[in-house]
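Here is how names work: the chains are called A, B, and so on, in the same order as the sequence lines, proteins then strands, and each is numbered from 1.
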Number of protein chains: 2
Amino acid sequence: MNRAESSLDTIDIILRTATEHFAERGLAGARIDEIARDAGVNKATIYYHIGGKDELYAAVFRENMRNSTERLLSNVEAKQTAEEKFKAYVQTMVENLRENKAAAPLMMRELASGAENIPQEGLQYIVKMLTTIIQTLEQGRQDGSFRDTNPGLTHLMIIGSIMFYTAGEPLRKKLMGLMGADFPMLEYTKDCDLARDISDFLLHALKP
Amino acid sequence: MNRAESSLDTIDIILRTATEHFAERGLAGARIDEIARDAGVNKATIYYHIGGKDELYAAVFRENMRNSTERLLSNVEAKQTAEEKFKAYVQTMVENLRENKAAAPLMMRELASGAENIPQEGLQYIVKMLTTIIQTLEQGRQDGSFRDTNPGLTHLMIIGSIMFYTAGEPLRKKLMGLMGADFPMLEYTKDCDLARDISDFLLHALKP
DNA sequence: GTCTATATACCGATAGAC
DNA sequence: GTCTATCGGTATATAGAC
């Protein structure tokens, strides 16, 4: 193993570990010492390879957004009709957020903080995702398969429901103990089941 | 002014100030010194009246949930039909979250943290809100005005879209500069306009 | 590139006067 | 009930050896 490969592995494990810590405790709550410990590297190694806490956070956010966006765009572009693209958008968003449990918490904390720590590159990825869903809704509107809705509002429904479902799991567990039989069953084992229900619900709302 | 009134005023200004700080910076990021400074009270006064940081946070969360829940239940119960109740639920949720800008960030941070710092009383308020919307959807299903959907999923659409809209304002401002004309117009000046669009979209999805 | 040791600063909390 | 002053603990960041 040469030095380049070793550095890549070290940086990768640091970023993966930091992702979990920033998601669970936030930028202010995460501890550089704990990230270094859990990553199995010395604390100074983080400063040597990546930089201070803010730079580490920016790198984490950027890498997570890059992965999600690339997969989303690739899966949507592979489809032809507006309805297929819409379903692919929802399905891929569900997959991304359920495979990477940190993604929703990272974004929700950013919204709560006024999006002040999102790096410029991260904003570009958000723009790409937004553009994709807007074009899909416009395609469906023009060929008559979707009615004319505000695309921004429609996207809020998609992203809001999926992120609240993904990040809401611990809260649902706490509520289940209090509500008992009155609590609506909302635990999906498979990504495709959740994606299907959300797609069905929203496509019903988009039906002309 | 007697001592009791004075204490109530002091506690009230502390809780109001702390609400903003915890919303903007989180439990870990908020600073007791800054809360005391912005509230215009001595730091030790907070410890005397309320307690440490965790107790202050719990008090903030509980009071915010109490206000929101009382108003929500009151407005929904005043209506008769399922559709009127549904609209009142959405309308009141929009009003609550737009009048109290801290509410959405507080809840989103809690979800990101695994709901670990929600006080027991706060969970009870969430249960009350959930029960209200579930009963409304069930009423509409029984009288034929709503189709049979998963009430938990429907609630995710309501709460997810409103909270992401409310908390997403700073991010939208940043994105507008990058996207220009492609960005979908999504700025509502009046609560009722946002509530109407969300209600219309979701009632279309609930239509049998 | 990775380690130990430490500088520097900050923050939560409280003791004690008034 | 409110103030000043301060303790004790902890966090980020870096200097310097290897």
Side-chain angles (χ1 to χ4, degrees), chain A residues 1-62 106 109 112-113 116-117 119, chain B residues 1-63 106 109-110 112-113 116-117 119:
Chain A
M1 194 186 291
N2 62 35
R3 269 185 308 206
E5 277 168 0
S6 169
S7 288
L8 285 177
D9 287 349
T10 301
I11 292 174
D12 193 58
I13 184 66
I14 290 171
L15 289 180
R16 285 178 193 277
T17 309
T19 296
E20 291 175 24
H21 280 255
F22 285 133
E24 286 172 17
R25 301 163 214 216
L27 175 54
R31 298 290 167 242
I32 297 286
D33 288 281
E34 294 179 2
I35 292 170
R37 185 197 63 201
D38 290 357
V41 304
N42 189 281
K43 181 166 61 164
T45 307
I46 295 177
Y47 288 93
Y48 177 81
H49 280 295
I50 299 174
K53 202 186 194 186
D54 289 345
E55 288 165 297
L56 177 59
Y57 178 82
V60 161
F61 200 92
R62 180 168 17 87
L106 281 176
R109 284 188 197 277
S113 305
E116 277 187 342
N117 295 298
Chain B
M1 195 185 291
N2 62 33
R3 267 184 309 205
E5 277 170 359
S6 168
S7 287
L8 284 176
D9 288 350
T10 301
I11 290 174
D12 192 59
I13 185 65
I14 290 171
L15 289 180
R16 286 178 192 276
T17 309
T19 296
E20 291 175 24
H21 279 255
F22 285 132
E24 286 172 18
R25 302 163 211 210
L27 175 55
R31 298 290 166 243
I32 297 286
D33 288 280
E34 294 179 2
I35 293 171
R37 185 197 61 203
D38 291 356
V41 303
N42 189 280
K43 182 167 60 163
T45 307
I46 296 177
Y47 288 93
Y48 177 81
H49 279 293
I50 301 174
K53 202 186 194 186
D54 289 345
E55 289 164 295
L56 177 59
Y57 178 83
V60 161
F61 200 92
R62 178 168 17 87
E63 282 308 296
L106 281 176
R109 285 188 197 278
E110 270 306 323
S113 304
E116 277 187 341
N117 294 297

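Closest approach to the A:K43 side chain among C:dG12, D:dT12, D:dG1 is made by D:dT12 (side chain taken as heavy atoms from C-beta onward). The side chain of A:Y48 sits closest to C:dT2 out of D:dC3, C:dT2, D:dA11.
If you take CZ of A:R37 and C1' of D:dT10, they are 14 Å apart, rounded to a whole angstrom. Between the NE2 atom of A:H21 and the C1' atom of D:dA11 there is a distance of 15 Å, given to the nearest Å. Atom C1' of nucleotide D:dT10 and atom NZ of B:K53 are separated by 13 Å, given to the nearest angstrom. The interatomic distance linking B:N42 (CG) with D:dT6 (P) rounds to 15 Å, in whole Å. Following rounding to the nearest Å, B:D33 (CG) and D:dT6 (P) show an atom-to-atom distance of 16 Å. The CG atom of A:D9 sits 12 Å away from the P atom of C:dG1 (whole-angstrom rounding). Rounded to whole angstrom, the span from the CG atom of B:L56 across to the C1' atom of C:dC11 amounts to 15 Å. In this structure, B:H49 places its NE2 atom 13 Å from C1' of D:dC3, rounding to the nearest Å.
For C:dG12, the OP1/OP2 oxygens have a side-chain nitrogen or oxygen of B:R31 closer than 4.0 Å. Contact annotation: A:T10 side-chain N/O to C:dG1 OP1/OP2 distance is not under 4.0 Å. OP1 or OP2 of C:dT14 has not a single side-chain nitrogen or oxygen of B:Y47 nearer than 4.0 Å.
Note: A:I35 CD1 to A:I14 CD1 = 9.5 Å, rounded to the nearest 0.5 Å.
With hydrogens and angles left out, the side-chain atoms of B:R109 and A:S113 include a donor and acceptor closer than 3.5 Å.
Looking only at side-chain heavy atoms (C-beta outward), B:K53 and B:Y57 stay at 4.5 Å or farther from each other.
Heavy-atom nearest nucleotides on DNA chain D were determined for B:G40 and for A:A28, and the one closer to the 5' end corresponds to B:G40.
Within the 3.5 Å criterion, the main-chain N or O of A:G52 finds a donor-acceptor partner in the side chain of A:E55.
No engagement by A:A36 is indicated, since no non-hydrogen atom pair under 4.0 Å with the nucleic acid exists.
Summarising the geometry of B:E63 relative to B:L15, their closest heavy-atom pair is CG-CD1, 4.0 Å, with the distance given to 0.1 Å.
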